[in-house]
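Working notes, structure below.
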Amino acid sequence: MTTTETAVAAADTAPRDTRQPRRRRPWQLPAARLAVPLLALLAWQLIDPVTDLVPAPADTIRELYSGFVDGWIYEGLRATASAVGTGFVLGTVVAFPLGYLMGSSKTLTAIFEPLVAGTFAVPRVILYPILLAVFGVGLEAESAMVAISAFFPILMSTAAAVRNVSPSLLKLGRSLSARPLQIARKIVIPDAAPSIMVGIRIGFSIAFIAAIIAELFAAKDGLGLLISQSYAVLDLPRMYAVVLLVMLAAFAGNLLLWWAERRLRKA
Amino acid sequence: MLPTASSAPGQPETAGDRDGRLGVRLADVGVVYDTKDGDSVEAVRSASGHIADGRFVSLIGPSGCGKSTLLDVVGGLLAPRSGTVTIDGEPVTGPRRDTAMVFQEDSTLHWRTVLSNVAFGLEIAGVGRKQREAAAGDIVALVGLTGFEHRHPRELSGGMKQRVAIARALVADPRILLMDEPFGALDQQTRMFMGRELLRVWDETRKSVVFVTHDIQEAVYLSDEVWVMSARPSEFTAKVVVDLDRPRGPGTMSSRRFHDLTSQVWEVLRVESEKALDAQRELEP
(Lines give C-alpha, C1' and ligand atoms only; values in the text may rest on other atoms or scores of the structure.)
Protein backbone atom coordinates (compact mmCIF):
# COMPACT_ATOMS: atom_id res chain seq x y z
CA MET A 1 0.00 0.00 0.00
CA THR A 2 2.65 2.48 1.11
CA THR A 3 4.94 1.52 -1.75
CA THR A 4 2.29 2.31 -4.33
CA GLU A 5 1.56 5.58 -2.59
CA THR A 6 5.17 6.64 -2.68
CA ALA A 7 5.34 5.54 -6.28
CA VAL A 8 2.37 7.76 -7.10
CA ALA A 9 3.81 10.66 -5.15
CA ALA A 10 7.10 10.25 -6.96
CA ALA A 11 5.34 10.17 -10.30
CA ASP A 12 3.39 13.32 -9.41
CA THR A 13 6.48 15.30 -8.54
CA ALA A 14 8.53 13.93 -11.43
CA PRO A 15 9.66 16.85 -13.61
CA ARG A 16 8.54 15.35 -16.92
CA ASP A 17 5.25 13.75 -16.08
CA THR A 18 4.24 11.54 -18.99
CA ARG A 19 1.20 10.26 -17.06
CA GLN A 20 1.38 6.62 -17.89
CA PRO A 21 -1.98 5.25 -16.70
CA ARG A 22 -1.14 3.40 -13.53
CA ARG A 23 -1.82 -0.29 -13.89
CA ARG A 24 -4.51 -1.41 -11.46
CA ARG A 25 -4.02 -4.78 -9.91
CA PRO A 26 -6.99 -7.13 -10.34
CA TRP A 27 -7.76 -7.33 -6.62
CA GLN A 28 -7.75 -3.58 -5.96
CA LEU A 29 -11.21 -2.73 -7.22
CA PRO A 30 -13.11 -5.49 -5.39
CA ALA A 31 -11.08 -4.76 -2.29
CA ALA A 32 -12.04 -1.07 -2.41
CA ARG A 33 -15.68 -2.00 -2.99
CA LEU A 34 -15.60 -4.19 0.08
CA ALA A 35 -13.64 -1.67 2.15
CA VAL A 36 -16.23 1.11 1.85
CA PRO A 37 -19.13 -0.75 3.56
CA LEU A 38 -16.72 -2.17 6.12
CA LEU A 39 -15.58 1.33 7.00
CA ALA A 40 -19.23 2.40 7.30
CA LEU A 41 -19.83 -0.52 9.64
CA LEU A 42 -16.82 0.53 11.69
CA ALA A 43 -18.11 4.11 11.92
CA TRP A 44 -21.47 2.75 13.05
CA GLN A 45 -19.76 0.67 15.76
CA LEU A 46 -17.89 3.78 16.91
CA ILE A 47 -21.05 5.91 17.18
CA ASP A 48 -22.91 3.25 19.18
CA PRO A 49 -21.44 4.00 22.62
CA VAL A 50 -22.01 7.75 22.17
CA THR A 51 -25.80 7.65 21.90
CA ASP A 52 -28.77 5.50 22.93
CA LEU A 53 -30.52 6.22 19.66
CA VAL A 54 -28.26 3.91 17.69
CA PRO A 55 -28.10 0.22 18.48
CA ALA A 56 -24.83 -1.61 17.90
CA PRO A 57 -24.34 -3.13 14.46
CA ALA A 58 -24.04 -6.55 16.06
CA ASP A 59 -27.43 -6.15 17.81
CA THR A 60 -29.00 -4.97 14.58
CA ILE A 61 -27.66 -7.84 12.56
CA ARG A 62 -28.71 -10.31 15.26
CA GLU A 63 -32.21 -8.85 15.19
CA LEU A 64 -32.32 -9.13 11.39
CA TYR A 65 -31.16 -12.71 11.67
CA SER A 66 -33.92 -13.44 14.17
CA GLY A 67 -36.38 -11.91 11.75
CA PHE A 68 -35.57 -14.66 9.30
CA VAL A 69 -35.27 -17.45 11.86
CA ASP A 70 -38.40 -16.54 13.85
CA GLY A 71 -40.15 -15.49 10.68
CA TRP A 72 -41.53 -12.08 11.71
CA ILE A 73 -39.97 -10.42 8.70
CA TYR A 74 -41.33 -12.59 5.90
CA GLU A 75 -44.80 -11.13 5.68
CA GLY A 76 -43.48 -7.59 5.42
CA LEU A 77 -40.78 -8.56 2.96
CA ARG A 78 -43.28 -10.39 0.79
CA ALA A 79 -45.73 -7.47 0.84
CA THR A 80 -43.10 -4.92 -0.12
CA ALA A 81 -41.59 -7.15 -2.77
CA SER A 82 -44.95 -7.77 -4.43
CA ALA A 83 -45.89 -4.08 -4.32
CA VAL A 84 -42.53 -3.12 -5.86
CA GLY A 85 -42.69 -5.96 -8.38
CA THR A 86 -46.27 -5.36 -9.53
CA GLY A 87 -45.98 -1.58 -9.56
CA PHE A 88 -42.61 -1.52 -11.27
CA VAL A 89 -43.69 -3.90 -14.02
CA LEU A 90 -46.95 -2.00 -14.48
CA GLY A 91 -45.19 1.36 -14.60
CA THR A 92 -42.62 0.10 -17.10
CA VAL A 93 -45.20 -1.54 -19.35
CA VAL A 94 -47.15 1.71 -19.58
CA ALA A 95 -44.23 4.14 -19.62
CA PHE A 96 -42.11 2.40 -22.24
CA PRO A 97 -44.52 2.53 -25.22
CA LEU A 98 -45.68 6.03 -24.30
CA GLY A 99 -42.07 7.19 -24.03
CA TYR A 100 -41.32 5.57 -27.36
CA LEU A 101 -44.23 7.40 -29.01
CA MET A 102 -43.24 10.66 -27.39
CA GLY A 103 -39.63 10.30 -28.49
CA SER A 104 -40.49 9.52 -32.08
CA SER A 105 -42.87 12.44 -32.63
CA LYS A 106 -41.84 16.07 -32.43
CA THR A 107 -45.47 17.11 -32.03
CA LEU A 108 -46.11 14.77 -29.13
CA THR A 109 -42.89 15.92 -27.48
CA ALA A 110 -43.92 19.55 -27.89
CA ILE A 111 -47.30 18.83 -26.28
CA PHE A 112 -46.30 16.51 -23.47
CA GLU A 113 -42.71 17.40 -22.57
CA PRO A 114 -43.54 20.45 -20.41
CA LEU A 115 -46.49 18.64 -18.85
CA VAL A 116 -44.46 15.58 -17.96
CA ALA A 117 -41.47 17.57 -16.73
CA GLY A 118 -43.78 19.70 -14.60
CA THR A 119 -45.65 16.74 -13.18
CA PHE A 120 -42.36 14.98 -12.49
CA ALA A 121 -41.60 17.68 -9.94
CA VAL A 122 -44.81 17.03 -7.98
CA PRO A 123 -44.08 14.74 -5.03
CA ARG A 124 -45.95 11.59 -5.97
CA VAL A 125 -46.71 10.84 -2.33
CA ILE A 126 -49.42 13.50 -2.28
CA LEU A 127 -51.38 11.22 -4.62
CA TYR A 128 -51.35 8.43 -2.05
CA PRO A 129 -54.41 9.64 -0.10
CA ILE A 130 -56.35 9.65 -3.37
CA LEU A 131 -55.16 6.15 -4.20
CA LEU A 132 -56.11 5.03 -0.69
CA ALA A 133 -59.57 6.50 -1.21
CA VAL A 134 -59.94 4.66 -4.49
CA PHE A 135 -58.40 1.29 -3.68
CA GLY A 136 -58.46 1.17 0.12
CA VAL A 137 -55.45 0.27 2.23
CA GLY A 138 -53.58 -2.65 0.69
CA LEU A 139 -51.51 -3.98 -2.13
CA GLU A 140 -53.54 -2.26 -4.86
CA ALA A 141 -53.04 1.28 -3.59
CA GLU A 142 -49.41 0.61 -2.88
CA SER A 143 -48.73 -0.93 -6.31
CA ALA A 144 -50.47 2.01 -7.97
CA MET A 145 -48.25 4.36 -6.00
CA VAL A 146 -45.16 2.44 -7.09
CA ALA A 147 -46.32 2.35 -10.72
CA ILE A 148 -46.92 6.09 -10.85
CA SER A 149 -43.50 6.73 -9.32
CA ALA A 150 -41.66 4.42 -11.71
CA PHE A 151 -43.63 5.79 -14.65
CA PHE A 152 -42.04 9.23 -14.92
CA PRO A 153 -38.31 8.50 -15.03
CA ILE A 154 -38.90 5.62 -17.43
CA LEU A 155 -41.15 7.71 -19.67
CA MET A 156 -38.71 10.62 -19.76
CA SER A 157 -35.58 8.59 -20.33
CA THR A 158 -37.22 6.43 -23.00
CA ALA A 159 -38.48 9.52 -24.82
CA ALA A 160 -35.05 11.16 -24.65
CA ALA A 161 -33.27 7.97 -25.73
CA VAL A 162 -35.57 7.47 -28.72
CA ARG A 163 -35.25 11.12 -29.69
CA ASN A 164 -31.46 10.82 -29.66
CA VAL A 165 -31.29 7.84 -31.98
CA SER A 166 -28.75 8.66 -34.67
CA PRO A 167 -30.44 10.32 -37.68
CA SER A 168 -28.19 8.46 -40.10
CA LEU A 169 -29.42 5.13 -38.70
CA LEU A 170 -33.02 6.24 -39.24
CA LYS A 171 -32.12 7.34 -42.75
CA LEU A 172 -30.54 3.95 -43.33
CA GLY A 173 -33.78 2.29 -42.24
CA ARG A 174 -35.82 4.43 -44.59
CA SER A 175 -33.47 3.87 -47.50
CA LEU A 176 -33.85 0.12 -46.99
CA SER A 177 -37.66 0.50 -46.97
CA ALA A 178 -37.82 -0.95 -43.45
CA ARG A 179 -41.31 -1.20 -41.99
CA PRO A 180 -42.05 0.85 -38.84
CA LEU A 181 -41.95 -2.26 -36.68
CA GLN A 182 -38.59 -3.27 -38.15
CA ILE A 183 -37.23 0.21 -37.55
CA ALA A 184 -38.39 -0.01 -33.92
CA ARG A 185 -37.04 -3.51 -33.28
CA LYS A 186 -33.87 -3.48 -35.30
CA ILE A 187 -32.72 0.14 -35.12
CA VAL A 188 -34.36 2.38 -32.53
CA ILE A 189 -34.63 0.08 -29.52
CA PRO A 190 -31.13 -1.42 -29.76
CA ASP A 191 -29.58 2.00 -30.31
CA ALA A 192 -31.55 3.54 -27.42
CA ALA A 193 -31.26 0.54 -25.10
CA PRO A 194 -28.40 1.79 -22.88
CA SER A 195 -30.16 5.08 -22.08
CA ILE A 196 -33.51 3.33 -21.66
CA MET A 197 -31.90 0.94 -19.18
CA VAL A 198 -30.57 3.87 -17.15
CA GLY A 199 -34.13 5.17 -16.88
CA ILE A 200 -35.41 1.75 -15.90
CA ARG A 201 -32.81 1.47 -13.13
CA ILE A 202 -33.69 4.91 -11.82
CA GLY A 203 -37.35 3.94 -12.10
CA PHE A 204 -36.68 0.86 -10.02
CA SER A 205 -34.94 2.82 -7.28
CA ILE A 206 -37.77 5.34 -7.16
CA ALA A 207 -40.31 2.50 -7.16
CA PHE A 208 -38.64 1.06 -4.10
CA ILE A 209 -38.62 4.42 -2.33
CA ALA A 210 -42.29 4.92 -3.17
CA ALA A 211 -43.27 1.53 -1.74
CA ILE A 212 -41.51 2.16 1.58
CA ILE A 213 -42.92 5.69 1.91
CA ALA A 214 -46.43 4.47 1.10
CA GLU A 215 -46.07 1.77 3.76
CA LEU A 216 -44.90 4.29 6.31
CA PHE A 217 -48.18 6.14 5.74
CA ALA A 218 -50.70 3.38 5.54
CA ALA A 219 -50.37 -0.30 4.78
CA LYS A 220 -51.52 -3.70 5.93
CA ASP A 221 -48.06 -5.21 5.62
CA GLY A 222 -44.62 -4.29 4.43
CA LEU A 223 -41.14 -3.29 5.50
CA GLY A 224 -42.20 0.36 5.79
CA LEU A 225 -44.94 -0.66 8.18
CA LEU A 226 -42.48 -2.70 10.25
CA ILE A 227 -40.25 0.37 10.49
CA SER A 228 -43.05 2.63 11.66
CA GLN A 229 -44.34 -0.01 14.11
CA SER A 230 -40.97 -0.58 15.71
CA TYR A 231 -40.38 3.16 15.79
CA ALA A 232 -43.70 3.61 17.61
CA VAL A 233 -42.58 1.29 20.41
CA LEU A 234 -38.96 2.46 20.16
CA ASP A 235 -37.74 -1.03 19.33
CA LEU A 236 -34.63 0.45 17.77
CA PRO A 237 -32.70 -2.74 16.99
CA ARG A 238 -35.69 -4.02 15.05
CA MET A 239 -36.17 -0.68 13.29
CA TYR A 240 -32.53 -0.57 12.27
CA ALA A 241 -32.68 -4.21 11.23
CA VAL A 242 -35.53 -3.48 8.81
CA VAL A 243 -33.80 -0.34 7.52
CA LEU A 244 -30.72 -2.43 6.87
CA LEU A 245 -32.79 -5.02 5.04
CA VAL A 246 -34.40 -2.32 2.88
CA MET A 247 -30.96 -1.08 1.92
CA LEU A 248 -29.74 -4.57 1.12
CA ALA A 249 -32.86 -5.36 -0.91
CA ALA A 250 -32.64 -2.15 -2.93
CA PHE A 251 -28.97 -2.81 -3.49
CA ALA A 252 -29.62 -6.37 -4.64
CA GLY A 253 -32.42 -5.25 -6.98
CA ASN A 254 -30.28 -2.62 -8.59
CA LEU A 255 -27.39 -5.04 -8.94
CA LEU A 256 -29.69 -7.45 -10.73
CA LEU A 257 -30.79 -4.75 -13.20
CA TRP A 258 -27.20 -3.65 -13.68
CA TRP A 259 -26.25 -7.22 -14.48
CA ALA A 260 -29.20 -7.55 -16.88
CA GLU A 261 -28.14 -4.32 -18.58
CA ARG A 262 -24.61 -5.60 -19.10
CA ARG A 263 -25.93 -8.84 -20.52
CA LEU A 264 -28.21 -6.89 -22.86
CA ARG A 265 -25.39 -4.68 -24.02
CA LYS A 266 -23.24 -7.65 -24.90
CA ALA A 267 -26.04 -9.39 -26.80
CA MET B 1 -9.71 -14.66 -55.99
CA LEU B 2 -12.41 -12.19 -55.25
CA PRO B 3 -16.03 -13.15 -55.61
CA THR B 4 -17.75 -11.81 -58.66
CA ALA B 5 -21.21 -12.95 -57.62
CA SER B 6 -22.38 -9.37 -57.38
CA SER B 7 -21.97 -8.71 -61.08
CA ALA B 8 -25.07 -10.75 -61.76
CA PRO B 9 -25.56 -12.20 -65.20
CA GLY B 10 -28.39 -10.80 -67.22
CA GLN B 11 -27.63 -7.22 -66.24
CA PRO B 12 -28.22 -5.03 -69.25
CA GLU B 13 -25.07 -3.87 -70.95
CA THR B 14 -24.50 -0.20 -71.48
CA ALA B 15 -23.68 -0.87 -75.09
CA GLY B 16 -27.16 -2.22 -75.73
CA ASP B 17 -28.80 0.87 -74.29
CA ARG B 18 -28.91 2.90 -77.49
CA ASP B 19 -31.72 5.28 -76.60
CA GLY B 20 -30.15 6.08 -73.18
CA ARG B 21 -33.23 4.93 -71.33
CA LEU B 22 -31.20 3.06 -68.72
CA GLY B 23 -29.60 4.81 -65.80
CA VAL B 24 -30.64 7.76 -63.69
CA ARG B 25 -32.23 10.71 -65.40
CA LEU B 26 -32.91 14.03 -63.69
CA ALA B 27 -35.31 16.33 -65.50
CA ASP B 28 -35.61 19.90 -64.17
CA VAL B 29 -35.52 18.70 -60.57
CA GLY B 30 -36.34 21.38 -58.04
CA VAL B 31 -36.26 20.81 -54.30
CA VAL B 32 -37.74 23.02 -51.62
CA TYR B 33 -37.61 22.05 -47.99
CA ASP B 34 -39.07 23.56 -44.85
CA THR B 35 -36.78 24.61 -42.04
CA LYS B 36 -37.58 24.26 -38.36
CA ASP B 37 -38.54 27.93 -38.19
CA GLY B 38 -41.23 27.40 -40.80
CA ASP B 39 -39.33 29.07 -43.64
CA SER B 40 -38.97 27.24 -46.88
CA VAL B 41 -35.61 27.09 -48.58
CA GLU B 42 -35.17 26.52 -52.27
CA ALA B 43 -32.26 24.12 -52.24
CA VAL B 44 -32.22 23.02 -55.86
CA ARG B 45 -33.74 25.12 -58.61
CA SER B 46 -33.37 23.08 -61.74
CA ALA B 47 -31.09 20.09 -62.02
CA SER B 48 -31.02 18.00 -65.18
CA GLY B 49 -28.70 15.25 -66.24
CA HIS B 50 -28.29 11.64 -67.20
CA ILE B 51 -26.13 9.15 -65.39
CA ALA B 52 -25.71 6.32 -67.86
CA ASP B 53 -25.68 2.77 -66.65
CA GLY B 54 -22.37 1.87 -65.03
CA ARG B 55 -21.06 5.46 -64.95
CA PHE B 56 -19.30 7.01 -61.99
CA VAL B 57 -20.54 10.57 -61.55
CA SER B 58 -19.47 12.96 -58.81
CA LEU B 59 -21.52 15.91 -57.65
CA ILE B 60 -19.42 18.74 -56.34
CA GLY B 61 -20.42 22.21 -55.27
CA PRO B 62 -20.07 24.91 -52.63
CA SER B 63 -21.08 23.79 -49.15
CA GLY B 64 -24.80 23.95 -48.54
CA CYS B 65 -25.57 23.87 -52.27
CA GLY B 66 -27.96 20.94 -52.03
CA LYS B 67 -25.74 18.09 -53.21
CA SER B 68 -26.89 15.78 -50.46
CA THR B 69 -30.47 16.93 -50.89
CA LEU B 70 -30.32 15.95 -54.52
CA LEU B 71 -28.90 12.57 -53.58
CA ASP B 72 -31.80 12.01 -51.18
CA VAL B 73 -34.17 12.76 -54.03
CA VAL B 74 -32.51 10.16 -56.26
CA GLY B 75 -32.62 7.72 -53.32
CA GLY B 76 -36.37 8.28 -52.98
CA LEU B 77 -36.06 9.70 -49.46
CA LEU B 78 -37.24 13.14 -50.49
CA ALA B 79 -39.81 14.10 -53.10
CA PRO B 80 -38.82 16.86 -55.51
CA ARG B 81 -41.02 19.96 -55.62
CA SER B 82 -40.81 20.04 -59.39
CA GLY B 83 -39.37 17.94 -62.17
CA THR B 84 -38.80 14.19 -62.14
CA VAL B 85 -36.17 11.62 -61.38
CA THR B 86 -36.41 8.40 -63.34
CA ILE B 87 -34.39 5.23 -63.07
CA ASP B 88 -34.45 3.15 -66.25
CA GLY B 89 -37.42 5.21 -67.29
CA GLU B 90 -39.46 4.62 -64.13
CA PRO B 91 -40.21 7.62 -61.92
CA VAL B 92 -38.71 7.36 -58.43
CA THR B 93 -41.51 7.43 -55.87
CA GLY B 94 -39.68 6.06 -52.85
CA PRO B 95 -36.64 4.04 -51.81
CA ARG B 96 -35.97 1.27 -54.31
CA ARG B 97 -34.27 -2.10 -54.03
CA ASP B 98 -31.92 -1.28 -56.92
CA THR B 99 -30.47 1.81 -55.23
CA ALA B 100 -28.39 1.77 -52.08
CA MET B 101 -26.99 4.59 -50.00
CA VAL B 102 -23.75 5.20 -48.11
CA PHE B 103 -23.68 8.10 -45.68
CA GLN B 104 -20.95 10.36 -44.41
CA GLU B 105 -21.60 9.77 -40.73
CA ASP B 106 -20.92 6.41 -39.18
CA SER B 107 -24.08 4.45 -39.83
CA THR B 108 -22.92 1.07 -38.60
CA LEU B 109 -25.22 -0.62 -36.12
CA HIS B 110 -22.88 -0.67 -33.14
CA TRP B 111 -24.57 -3.61 -31.42
CA ARG B 112 -24.10 -5.90 -34.41
CA THR B 113 -21.05 -7.66 -35.79
CA VAL B 114 -19.55 -6.69 -39.12
CA LEU B 115 -21.17 -9.66 -40.82
CA SER B 116 -24.58 -8.92 -39.39
CA ASN B 117 -24.18 -5.23 -40.27
CA VAL B 118 -23.42 -6.13 -43.86
CA ALA B 119 -26.36 -8.55 -43.99
CA PHE B 120 -28.73 -5.95 -42.51
CA GLY B 121 -30.36 -4.89 -45.77
CA LEU B 122 -31.08 -8.49 -46.69
CA GLU B 123 -32.46 -9.14 -43.22
CA ILE B 124 -34.86 -6.20 -43.61
CA ALA B 125 -35.86 -7.61 -47.00
CA GLY B 126 -36.72 -10.92 -45.35
CA VAL B 127 -33.87 -13.06 -46.70
CA GLY B 128 -33.16 -16.15 -44.57
CA ARG B 129 -30.16 -16.21 -42.25
CA LYS B 130 -28.02 -18.77 -44.11
CA GLN B 131 -28.50 -17.09 -47.46
CA ARG B 132 -27.89 -13.55 -46.24
CA GLU B 133 -24.81 -14.49 -44.26
CA ALA B 134 -23.34 -16.24 -47.26
CA ALA B 135 -23.97 -13.17 -49.40
CA ALA B 136 -22.56 -10.90 -46.68
CA GLY B 137 -19.47 -13.09 -46.39
CA ASP B 138 -18.72 -12.64 -50.09
CA ILE B 139 -19.07 -8.89 -49.91
CA VAL B 140 -17.00 -8.68 -46.71
CA ALA B 141 -14.19 -10.30 -48.67
CA LEU B 142 -14.74 -7.96 -51.62
CA VAL B 143 -14.30 -4.82 -49.49
CA GLY B 144 -11.27 -6.26 -47.71
CA LEU B 145 -12.74 -6.95 -44.29
CA THR B 146 -11.92 -10.67 -44.20
CA GLY B 147 -11.06 -11.67 -40.65
CA PHE B 148 -13.22 -8.95 -39.12
CA GLU B 149 -16.60 -10.66 -39.69
CA HIS B 150 -17.27 -11.15 -36.02
CA ARG B 151 -15.87 -7.87 -34.72
CA HIS B 152 -18.07 -5.03 -33.54
CA PRO B 153 -17.87 -1.54 -35.06
CA ARG B 154 -16.25 -0.13 -31.90
CA GLU B 155 -13.24 -2.30 -32.67
CA LEU B 156 -12.86 -0.82 -36.16
CA SER B 157 -11.24 2.36 -37.45
CA GLY B 158 -13.25 5.03 -39.23
CA GLY B 159 -12.12 3.78 -42.62
CA MET B 160 -13.11 0.23 -41.81
CA LYS B 161 -16.53 1.36 -40.61
CA GLN B 162 -17.05 3.00 -44.00
CA ARG B 163 -16.01 -0.25 -45.65
CA VAL B 164 -18.78 -1.91 -43.65
CA ALA B 165 -21.23 0.74 -44.87
CA ILE B 166 -20.12 0.21 -48.48
CA ALA B 167 -20.40 -3.56 -48.10
CA ARG B 168 -23.87 -3.16 -46.63
CA ALA B 169 -24.89 -1.08 -49.62
CA LEU B 170 -23.45 -3.63 -52.07
CA VAL B 171 -24.86 -6.76 -50.49
CA ALA B 172 -28.29 -6.61 -52.09
CA ASP B 173 -26.60 -6.14 -55.47
CA PRO B 174 -28.12 -2.75 -56.28
CA ARG B 175 -27.59 -1.24 -59.71
CA ILE B 176 -27.01 2.25 -58.40
CA LEU B 177 -24.86 3.32 -55.48
CA LEU B 178 -25.61 6.71 -53.92
CA MET B 179 -22.69 7.90 -51.83
CA ASP B 180 -23.01 11.02 -49.69
CA GLU B 181 -19.47 12.17 -48.87
CA PRO B 182 -18.63 8.65 -47.72
CA PHE B 183 -15.01 9.52 -46.91
CA GLY B 184 -15.73 13.03 -45.65
CA ALA B 185 -15.08 12.17 -42.02
CA LEU B 186 -11.81 10.37 -42.67
CA ASP B 187 -8.28 11.73 -42.54
CA GLN B 188 -6.55 12.55 -45.82
CA GLN B 189 -4.42 9.41 -46.05
CA THR B 190 -7.24 7.02 -45.25
CA ARG B 191 -9.38 8.95 -47.65
CA MET B 192 -7.03 8.51 -50.58
CA PHE B 193 -6.60 4.87 -49.79
CA MET B 194 -10.37 4.36 -49.54
CA GLY B 195 -10.80 6.06 -52.90
CA ARG B 196 -8.48 3.54 -54.47
CA GLU B 197 -10.32 0.72 -52.76
CA LEU B 198 -13.65 2.05 -53.96
CA LEU B 199 -12.37 2.08 -57.54
CA ARG B 200 -11.20 -1.50 -57.19
CA VAL B 201 -14.62 -2.59 -55.90
CA TRP B 202 -16.37 -0.53 -58.55
CA ASP B 203 -14.21 -2.14 -61.22
CA GLU B 204 -15.41 -5.54 -60.13
CA THR B 205 -19.07 -4.66 -59.77
CA ARG B 206 -19.60 -1.82 -62.28
CA LYS B 207 -22.47 -0.17 -60.48
CA SER B 208 -23.64 3.26 -61.46
CA VAL B 209 -22.33 5.58 -58.76
CA VAL B 210 -23.50 9.03 -57.75
CA PHE B 211 -20.80 10.34 -55.46
CA VAL B 212 -21.26 13.55 -53.50
CA THR B 213 -18.03 15.20 -52.38
CA HIS B 214 -16.47 18.58 -51.82
CA ASP B 215 -12.98 17.34 -52.65
CA ILE B 216 -12.04 18.19 -56.24
CA GLN B 217 -9.14 15.75 -56.50
CA GLU B 218 -11.22 12.94 -55.10
CA ALA B 219 -13.98 13.74 -57.59
CA VAL B 220 -11.65 13.81 -60.60
CA TYR B 221 -9.68 10.79 -59.50
CA LEU B 222 -12.76 8.60 -59.07
CA SER B 223 -15.22 9.73 -61.69
CA ASP B 224 -16.16 9.47 -65.31
CA GLU B 225 -17.88 12.82 -65.02
CA VAL B 226 -17.78 15.60 -62.44
CA TRP B 227 -20.91 17.71 -62.24
CA VAL B 228 -20.37 21.07 -60.65
CA MET B 229 -23.32 22.61 -58.86
CA SER B 230 -23.95 26.30 -58.42
CA ALA B 231 -24.62 28.05 -55.14
CA ARG B 232 -28.12 27.67 -53.73
CA PRO B 233 -30.70 27.56 -55.32
CA SER B 234 -28.57 25.25 -57.38
CA GLU B 235 -28.34 23.88 -60.86
CA PHE B 236 -25.49 22.23 -62.70
CA THR B 237 -23.15 24.88 -64.06
CA ALA B 238 -20.65 22.52 -65.64
CA LYS B 239 -20.24 18.87 -66.41
CA VAL B 240 -16.62 17.92 -66.78
CA VAL B 241 -15.95 14.63 -68.53
CA VAL B 242 -12.92 12.95 -67.01
CA ASP B 243 -11.08 11.19 -69.79
CA LEU B 244 -8.32 9.74 -67.66
CA ASP B 245 -7.44 6.13 -68.40
CA ARG B 246 -8.66 3.37 -66.15
CA PRO B 247 -7.60 1.61 -64.09
CA ARG B 248 -6.35 4.65 -62.25
CA GLY B 249 -3.54 4.50 -59.79
CA PRO B 250 -0.89 6.55 -58.03
CA GLY B 251 0.38 7.73 -61.43
CA THR B 252 -3.00 9.23 -62.31
CA MET B 253 -2.73 12.03 -59.80
CA SER B 254 0.66 13.18 -61.02
CA SER B 255 -0.35 13.26 -64.66
CA ARG B 256 -0.69 16.51 -66.57
CA ARG B 257 -4.26 15.74 -67.58
CA PHE B 258 -5.28 15.25 -63.94
CA HIS B 259 -4.02 18.74 -63.11
CA ASP B 260 -5.77 20.24 -66.10
CA LEU B 261 -9.05 18.63 -65.12
CA THR B 262 -8.85 19.60 -61.45
CA SER B 263 -8.09 23.22 -62.39
CA GLN B 264 -10.97 23.17 -64.83
CA VAL B 265 -13.33 22.02 -62.05
CA TRP B 266 -11.82 24.49 -59.60
CA GLU B 267 -12.32 27.42 -61.99
CA VAL B 268 -16.07 26.79 -62.08
CA LEU B 269 -16.29 25.90 -58.43
CA ARG B 270 -14.36 28.97 -57.28
CA VAL B 271 -16.89 31.32 -58.86
CA GLU B 272 -19.78 29.44 -57.29
CA SER B 273 -18.14 29.23 -53.86
CA GLU B 274 -17.60 32.99 -53.88
CA LYS B 275 -21.27 33.50 -54.68
CA ALA B 276 -22.21 31.17 -51.85
CA LEU B 277 -19.95 33.05 -49.43
CA ASP B 278 -21.41 36.40 -50.50
CA ALA B 279 -24.91 35.03 -49.95
CA GLN B 280 -23.91 33.92 -46.47
CA ARG B 281 -22.46 37.34 -45.67
CA GLU B 282 -25.69 39.01 -46.70
CA LEU B 283 -27.61 36.86 -44.26
CA GLU B 284 -25.43 37.94 -41.38
CA PRO B 285 -26.44 41.24 -39.80
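Just so we're on the same page: letters track the sequence lines, and every chain starts at 1.
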task = Show the numbers, then the answer: is there a side-chain contact (heavy atoms from CB on, under 4.5 Å) between Arg168(B) and Leu172(A)?
result = CA-CA 10 Å; Arg168(B) 182 176 56 208; Leu172(A) 169 73; 3.5 Å; yes
message = With a 4.5 Å cut-off on side-chain heavy atoms, are Phe120(B) and Ile187(A) touching?
response = yes
query = With a 4.5 Å heavy-atom cut-off, do Leu109(B) and Lys186(A) have their side chains touching?
reply = no
ask   = Tell me, side chain or backbone of Lys171(A) under 4.5 Å from chain B's heavy atoms, or both, or neither?
value = both
query = Which heavy-atom pair separates Leu176(A) from Arg97(B) by the least distance, and what is that distance?
reply = O-NH1, 3.6 Å
task = Take atom CZ of Arg163(A) as the centre, draw a 6.0 Å sphere, and report whether it contains more than 12 heavy atoms from other residues, nucleotides or ligands.
result = yes
request  = Check each atom of Asp72(B) against the heavy atoms of chain A and say whether the ones under 4.5 Å are side chain, backbone, both or neither.
outcome  = side chain
key: Heavy-atom neighbours of Phe251(A) CZ exceed 12 at 6.0 Å   = no
remark   = For His110(B) and Asp191(A), the nearest pair of non-hydrogen atoms, with its separation, is NE2-OD1, 2.7 Å
inquiry  = Tell me the closest heavy-atom pair linking Ser168(A) and Glu105(B), and the distance in Å.
reply    = CB-OE1, 3.1 Å
request  = Check for a donor-acceptor pair, side chain of Gln182(A) on one end and backbone N or O of Ile124(B) on the other, with a separation under 3.5 Å.
outcome  = yes
key: Ser175(A) side, atom OG; Asp180(B) side, atom CG - distance, nearest 0.5 Å   = 11.5 Å
